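Okay, so here's the structure we're looking at.
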There are 2 protein chains.
Amino acid sequence: MENIYQIRSVPRMFEEVTRAIVNYIQTENLKKGVKLPPERKLSELLGVSRSSVREAIRILEMLGYLESKQGGGTFVSQPEPFLIPVQIVSQYMDKQTLKKYFEMALLNAEKIISLSIELDHAEPILQIRNTDFWEGFSEWINVLGSQLENDYYLKLWNSIFPMLAKQGFLDELNIGWTLQDLLIAFQNKNKKQLDTFLSQLIKGAASSAD
Amino acid sequence: MENIYQIRSVPRMFEEVTRAIVNYIQTENLKKGVKLPPERKLSELLGVSRSSVREAIRILEMLGYLESKQGGGTFVSQPEPFLIPVQIVSQYMDKQTLKKYFEMALLNAEKIISLSIELDHAEPILQIRNTDFWEGFSEWINVLGSQLENDYYLKLWNSIFPMLAKQGFLDELNIGWTLQDLLIAFQNKNKKQLDTFLSQLIKGAASSAD
DNA sequence: GTCGATTTGTTCGTATGTATC
DNA sequence: TGATACATACGAACAAATCGA
């Protein structure tokens with residue numbers, strides 16, 4: 001199992017700059033339309049070359065975070081883009097945002113589960129190695145999702161789940177049942193029971209994000 | 001209503017290069033791990049500077065499309081990333097891929113609808129201006145989604161829907177009912193009827209993508 | 001294990017086109 | 001109209017990492 005957190009051993013300038021700009025916008029709470037310092041100034045402030053600044057701006061531009069106009073300047077566009085790559089996420093995300101990501105991830109997990117039930121893949125008894133609930137849950141979702149025709153549900157789950165785990169959001173959710181309970185309900189095709197379990201997860205997140 | 005397709009009048013080098021690289025990988029059908037020509041060679045081939053090539057590589061790297069190692073080279077990583085920004089999508093996407101995007105978008109639309117019913121926002125009678133079914137549907141989803149606490153469902157819808165419309169995927173779906181039917185079912189909180197309608201959309205896409 | 005070639009990482013200087021006042 | 005500010009783009013140079021002989 002490769003560690004998906006470890007992006008690379010040597011951090012690169014443009015990644016640092018990208019994080020720095022995101023961090024700057026977040027801490028200064030800059031809204032859409034605010035003009036950023038010119039590239040030359042940014043490169044001075046951060047102590048890097050303009051090229052590195054430009055590479056960072058490009059990425060944030062493509063993510064809808066910034067917008068730059070020749071001759072005009074670089075402006076904040078959407079300070080809260082959807083699905084920021086993990087590398088860019090700065091150290092802290094507030095709970096409200098994390099909750100929204102969580103709900104989005106869970107929607108896809110639910111879809112994977114319900115599609116798997118309908119497909120009736122004659123699933124062998126599931127052996128989940130992980131003892132941690134969420135690690136095990138994610139492993140299970142990966143097993144189910146990889147058998148679906150549409151792999152985007154799983155891709156979205158996997159693009160959000162590691163971030164939530166990294167930020168510690170999942171640790172604070174208390175769950176009144178075990179992964180085994182969930183697997184049993186799945187094997188019995190007990191949709192009602194499954195719905196109850198999953199909706200409890202959402203509610204747990206709601207109470208946690210206060 | 002601003003045109004979200006027209007990003008800017010003058011296309012920029014790094015965008016062209018990004019598209020060119022994606023196109024190259026797709027037409028050559030390069031799989032994960034394949035090494036790309038070195039940056040200097042690419043800049044020669046495309047007739048642009050190395051800086052522009054690098055900016056394009058950065059973006060594709062951040063999207064998980066490429067991976068570059070100092071001293072090693074640049075390699076294809078995931079030739080089919082999830083949620084490619086519209087600007088990068090080259091002219092053609094095959095129907096199977098479009099169908100997966102469509103299902104993902106519809107999942108979020110369904111969530112928006114079901115959450116809106118539960119919230120009971122005392123919705124006024126919905127006036128949808130658009131005569132085209134999908135334009136009207138999207139407008140309706142935007143009205144509902146913008147009232148939700150979690151705006152990510154709507155963001156994902158809006159990040160996929162324009163692409164599907166642009167690629168003409170939605171035109172080929174034939175729908176046996178009107179938007180008015182859907183709105184009436186919504187106002188009556190007739191979940192069963194709504195489920196029937198939406199599942200028909202999925203099936204229509206399935207038969208279309210053969 | 002060393003050396004040299006290859007390739008990306010990073011910086012700097014310069015020229016050009018565009019926007020703003 | 002003109003002047004200034006700014007992004008766009010190119011090319012050269014060197015550093016650092018990788019890889020193979």
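Heavy-atom basis, side chains included; hydrogens, waters and symmetry copies ignored. Proteins get letters first, then strands, A, B, ... in listed order; numbering begins at 1 in each. Worth saying up front: this structure is predicted, and the values here are computed from it rather than measured.
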For Phe14(A), all residues meeting ring-ring contact (aromatic ring centres under 6.0 Å, His included), sequence neighbours excluded: none
Residue list, salt bridge (charged side-chain N to carboxylate O under 4.0 Å, His left out) with Glu39(B), at least two apart or on another chain: Arg50(B), Arg54(B)
Arg54(A) CZ - dA9(D) P separation (whole Å): 7 Å
Those residues that, when tested against Gln200(B), pass side chain to side chain donor-acceptor pair (under 3.5 Å) (two or more places apart): Trp177(B)
Interatomic distance where NZ belongs to Lys69(A) and C1' belongs to dA19(C) [whole Å]: 10 Å
Glu61(A) versus Ser68(A), side-chain donor and acceptor atoms under 3.5 Å: yes
Ring-ring centroid check Trp134(B) Phe169(B), cutoff 6.0 Å: no
Ser52(A) vs dT11(C): side-chain N/O to OP1/OP2 distance below 4.0 Å: yes
Tyr153(A): ring-ring contact (aromatic ring centres under 6.0 Å, His included) partners, not counting sequence neighbours: none
Between dA9(D) (C1') and Ile57(A) (CD1): distance, integer Å: 14 Å
Glu16(A) CD - dT10(C) P separation (whole Å): 9 Å
Nearest-angstrom distance from the residue atom NZ of Lys35(B) to C1' of dT8(C): 10 Å
Euclidean distance, atom CZ of residue Phe14(A) to atom P of dG9(C) [Å, nearest integer]: 8 Å
Side-chain N,O (Ser68(A)) to OP1/OP2 (dC6(D)) below 4.0 Å: no
Using the 3.5 Å cut-off, write out each protein N or O paired with an N or O of nucleotides 13-16 of chain C and the distance between them.
residue : atom : partner  : partner atom : Å
dT14(C) : O4   : Arg50(A) : NH2          : 2.9

Those residues that, when tested against Thr178(A), pass side chain to side chain donor-acceptor pair (under 3.5 Å) (two or more places apart): Asp181(A)
Whole-Å gap separating P (dT8(D)) and CD (Glu15(B)): 10 Å
Residue whose closest nucleotide on DNA chain D lies nearer the 5' end, Gly72(A) versus Met13(B): Gly72(A)
Spacing between Glu55(B) atom CD and dC10(D) atom C1', to the nearest angstrom: 11 Å
5'-most by nearest nucleotide on DNA chain C - Gly47(A) or Gly71(A): Gly47(A)
Sugar-phosphate, base or nothing in reach of Thr74(A), heavy atoms under 4.0 Å: sugar-phosphate
Sugar-phosphate only, base, or nothing, as touched by Glu39(B) at under 4.0 Å among non-hydrogen atoms: sugar-phosphate
Minimum-distance nucleotide to Ser49(B) side chain [options: dA9(D), dT7(C), dT11(C)]: dA9(D)
